[in-house]
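Have a look at the structure below, then the notes.
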Amino acid sequence: MTAASQPEEINIRWAEAFNAGDLASMLELYEPDAVLVPGPDQAPITGLPAIEESLRRLLGLGGMITFKPRYWVRHGDLAMGGIDFHLVGGIDPSAGPVELRAGTAEVARRQSDGSWKYVFDHPFAVLPS
């Protein structure tokens with residue numbers, strides 16, 4: 001997987017990796033101590049081992065995800081973004097269909113190699129009404 005050379009590319013890379021079932025590439029987009037909110041009304045988790053477990057469960061649902069950027073605001077080596085996403089076609093553990101929609105709140109940081117990675121990833125910051 002190609003690293004995100006701009007913060008706007010993080011979601012593109014994440015979606016490519018998710019749709020390919022590539023957990024390792026998804027994890028490469030997070031800093032070692034990144035924070036992820038794994039689901040609506042769930043407590044944030046911290047660090048790659050916890051994020052890996054959460055993303056593994058999400059990948060297990062299957063389906064395809066698409067993103068629509070709402071905004072990115074940069075200041076130096078930090079960027080804050082908001083993305084609308086839609087996941088369809090998955091199957092939950094009880095064999096029911098999965099469809100998820102929400103708006104994200106994200107913070108990314110430029111790394112020493114010039115790539116961008118998540119510091120905070122809250123995919124369920126804005127839930128549909």
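Values below: all heavy atoms of this structure, side chains included; hydrogens, waters and symmetry mates excluded.
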Solution key, residues 72-81 side-chain donor-acceptor pairs under 3.5 Å, sequence neighbours excluded:
unit_1, atom_1, unit_2, atom_2, d
R74, NH2, Q6, OE1, 2.3
D77, OD1, R110, NE, 2.8
D77, OD1, R110, NH2, 3.3

Listing, residues 91-99 side-chain donor-acceptor contacts under 3.5 Å, not counting sequence neighbours, or none:
unit_1, atom_1, unit_2, atom_2, d
D92, OD1, S94, N, 2.9
D92, OD1, S94, OG, 2.9
D92, OD1, A95, N, 3.1
D92, OD1, G96, N, 2.7
E99, OE2, H86, NE2, 2.7

Output side-chain donor-acceptor pairs under 3.5 Å for residues 55-69, partner residues at least two apart or in another chain, one line each.
unit_1, atom_1, unit_2, atom_2, d
R56, NH2, E52, OE2, 2.7
R57, NH1, E53, OE2, 3.1

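Scanning both residues, P38 and A43, for their nearest heavy atoms gives CD-O, 3.3 Å. The minimum heavy-atom distance between M26 and A17, with the atom names listed, is CG-CB, 3.5 Å.
Between atom CD1 of residue I51 and atom CG of residue L23 there is a gap of 11.0 Å, rounded to the nearest 0.5 Å. Atoms CG and OH, on L36 and Y118 in that order, are 9.5 Å from each other to the nearest 0.5 Å. Rounded to the nearest 0.5 Å, atoms CD (E31) and OG1 (T46) are 12.0 Å apart.
V107 and W116 fall into different hydrophobic clusters, where Ile, Leu, Val, Met, Phe, Trp and Tyr residues are linked whenever their side-chain heavy atoms come under 4.5 Å apart, directly or through other members. Both L87 and I10 are assigned to one and the same hydrophobic cluster, defined by single-linkage of ILVMFWY side chains at heavy-atom distances under 4.5 Å. Under the 4.5 Å side-chain heavy-atom criterion for grouping Ile, Leu, Val, Met, Phe, Trp and Tyr, V126 is not connected to V35 through any hydrophobic cluster. Side-chain heavy atoms closer than 4.5 Å link hydrophobic residues (I, L, V, M, F, W, Y) into clusters, and following such links, possibly through other members, connects L127 to L100.
With sequence neighbours left out, the salt bridge (charged side-chain N to carboxylate O under 4.0 Å, His left out) criterion links E106 to no other residue. Scored by the side-chain contact (heavy atoms from CB on, under 4.5 Å) test, P49 finds no partners at all (sequence neighbours excluded). The side-chain hydrogen bond (donor to acceptor under 3.5 Å, both in side chains) check on Y30 picks up W14, D121, with sequence neighbours excluded. In this structure, F120 has no ring-ring contact (aromatic ring centres under 6.0 Å, His included) partners at least two apart in sequence or on a different chain. Considering only residues two or more places apart in sequence or on other chains, S54 meets the side-chain hydrogen bond (donor to acceptor under 3.5 Å, both in side chains) condition with none of them. Residues that satisfy the side-chain contact (heavy atoms from CB on, under 4.5 Å) test with D113, not counting sequence neighbours, are Q111, S115. For A125, the side-chain contact (heavy atoms from CB on, under 4.5 Å) criterion is met by A105, H122, not counting sequence neighbours.
Sequence neighbours left out, not one pair with a member in residues 35-60 passes ring-ring contact (aromatic ring centres under 6.0 Å, His included).
Salt bridge status for D84 with R70: present, with a side-chain N to carboxylate O gap under 4.0 Å.
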